[in-house]
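Comments concern the structure below.
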Amino acid sequence: MAIARTYQVPRSLLLGRQVRAETVHHYDEETGRLVRSTTTWDALWTEDDLAWALAQHAEDAERCQCGHPLSETTDPDAEGEYEAPLPTRCHACTVLEKRREEYRESPPGLLFSVVRKSKP
């Protein structure tokens, strides 16, 4: 679902479903000449796709900023049941933040990146 949401495509298409089209040709009864053609496409979103998307939306709405479900984290019985482990340092983020701090007073619009140093 995360990939489907990121690329805004139905889940079933990511799983390989092909959208089919059926074209019906209409002919003049007297001359036998083609008068018009009508093409009908399968629906892009299936009922199953919609169900998956609605379930994902409900799950997202139920999620606290800490990443856990609100129905669990706000339950009075859950008090004292959680702990926050020590943080993990990302060494790339550390140098990135230091570099940003050097330019804090600069006009906005600077883009920063981090590259790994070459080993000798």
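- Every residue two or more places apart in sequence or in another chain was checked for a side-chain contact (heavy atoms from CB on, under 4.5 Å) with Thr6, and none qualifies.
- Comment: Arg33 does not engage Asp28 in a salt bridge, judged by the lack of any side-chain N to carboxylate O separation of less than 4.0 angstrom.
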Begin from the C-alpha positions of Glu97 and Arg100 and carry the test salt bridge (Lys or Arg N to Asp or Glu O under 4.0 Å) through to its verdict. CA-CA 5 Å; Glu97 289 305 315; Arg100 283 184 177 146; 2.9 Å; yes

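- By the criterion of side-chain heavy atoms lying less than 4.5 angstrom apart, applied directly or through intervening Ile, Leu, Val, Met, Phe, Trp or Tyr residues, Leu96 is grouped together with Tyr103 in one hydrophobic cluster.
- The distance from the CG atom of Asp42 to the CZ atom of Arg20 is 4.5 Å, given to the nearest 0.5 Å.
- As a member of the Ile/Leu/Val/Met/Phe/Trp/Tyr network built from side-chain separations under 4.5 Å, Tyr27 groups with Leu34.
- No more than 12 heavy-atom neighbours from other residues, nucleotides or ligands sit within 6.0 angstrom of CZ on Arg99.
- Hydrophobic clustering, with ILVMFWY side chains joined whenever heavy atoms are under 4.5 angstrom apart, groups Leu110 together with Val95.
- In this structure, Trp45 places its CH2 atom where more than 12 heavy-atom neighbours from other residues, nucleotides or ligands lie under 6.0 Å away.
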Acceptor/donor pairs from residues 74-88 side chains to any protein atom, 3.5 angstrom cut, sequence neighbours excluded:
{"residue": "Thr74", "atom": "OG1", "partner": "Leu70", "partner atom": "O", "Å": "2.5"}
{"residue": "Asp75", "atom": "OD1", "partner": "Asp77", "partner atom": "N", "Å": "2.9"}

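- Contact between Arg11 and Asp49 at its shortest, heavy atoms only, is N-OD1, 3.5 Å.
- Arg5 and Gln56 get closest at one heavy-atom pair: NH2-NE2, 3.7 Å.
- His26 is not listed as a side-chain neighbour of Ser37, based on a closest heavy-atom distance of 4.5 Å or more.
- One finds no salt bridge joining Lys98 and Glu102 here, because no Lys/Arg side-chain nitrogen approaches an Asp/Glu carboxylate oxygen to under 4.0 Å.
- For His57, the ring pair (Phe, Tyr, Trp, His ring centres under 6.0 Å) test picks out no residue, with sequence neighbours left out.
- Residues Val35 and Val24 are members of separate hydrophobic clusters, defined by side-chain heavy-atom contacts under 4.5 angstrom among Ile, Leu, Val, Met, Phe, Trp and Tyr.
- The environment of Ile3 atom CD1 is sparse: at most 12 non-hydrogen atoms of other residues, nucleotides or ligands sit within 6.0 angstrom.
- Among residues two or more places apart in sequence or in another chain, the side-chain contact (heavy atoms from CB on, under 4.5 Å) test is passed with Leu13 by Pro10, Arg17, Val19, Leu44.
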Could you list the donor-acceptor pairs under 3.5 angstrom formed between side-chain atoms of residues 112-120 and any protein atom two or more places apart in sequence or on another chain?
none

